[in-house]
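What follows is a single structure, written as structure tokens, with notes after it.
Keep in mind that what you see is a predicted model, and the values were worked out from it rather than measured.
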Amino acid sequence: MAYWLVKSEPDECGIEDFELQQDKASPWAGVRNYQARNFLRQMAVGDRVLIYHSSCRNIGIAGVVRVAREAYTDPSQFDPDSPYHDPKSDPEAPRWQAVDLVYERTLSSLIPLAHLKAEPGLSELPLVRKGSRLSVMPVTDHQWDVIQRMAG
DNA sequence: GCCAACGTTGGC
DNA sequence: GCCAACGTTGGC
């Protein structure tokens, strides 16, 4: 089993939205960055995914979800009404994939970005590197352990 | 709202 | 293939 972290704007889809769905999986769609997409493709059912809340009042890691379905064609790329529409994507060779994620737990208290940045064991995590915009990233076993410890 | 840093686009 | 211009991300 592998570990991952994804960024989300809680206004769009935060841990609370997964919690409301409980055992019902939700699509993680709209990724439009090649590096992030390549990581999505590597996700396997059962992998754990940290949900990071960005561009909001309380920035940081908020909870954990689980991969419920491996990568499949993201339908929003072909939907002209979707904000994620990609007119250059060829239906014969779709550019973008989505996965399905299902709720696992909400942290008792959010781990703020400042704490993540201050933790030496996380210095290699792309999330805390200056200017990093990667929205889907792998988390090593060690980084995972560090974060679990911080979560209490 | 500001703005630095980034990824992508497109002219050459 | 280079690189300037552009649009976006995301913390503050």
### Query
Within this structure, what is the CZ-to-P distance between R57(A) and dC12(C), rounded to whole angstrom?
15 Å
### Stacked cation flag R37(A) on F39(A), 6.0 angstrom / 45 deg
no
### Task
With Y3(A) as reference, evaluate D47(A), L50(A), D141(A) under the side chain to side chain contact (heavy atoms under 4.5 Å, CB included) test and give the passing residue.
D141(A)
## Note on the structure
Between P87(A) and H85(A) the two heavy atoms that sit nearest each other are CD-O, 3.6 Å
### Query
If two hydrophobic side chains count as joined below 4.5 Å and joins carry through other members, does V102(A) share a cluster with L40(A)?
no
### Query
Got a sec, which pairs hit ring pair (Phe, Tyr, Trp, His ring centres under 6.0 Å) with one end in residues 87-125 of chain A, sequence neighbours left out?
Y34(A)-W96(A)
Below 3.5 Å is the cut-off: list the nitrogen or oxygen pairs between protein and nucleotides 7-11 of chain C, distance only.
unit_1	atom_1	unit_2	atom_2	d
dT8(C)	O2	R133(A)	NH1	3.0
dT8(C)	O2	R133(A)	NH2	3.0
dT9(C)	O4'	R133(A)	NH2	3.4
dG10(C)	OP1	K7(A)	NZ	2.7
dG10(C)	OP1	R133(A)	O	3.2
dG11(C)	OP1	Y52(A)	OH	2.5
dG11(C)	OP2	S55(A)	N	3.1

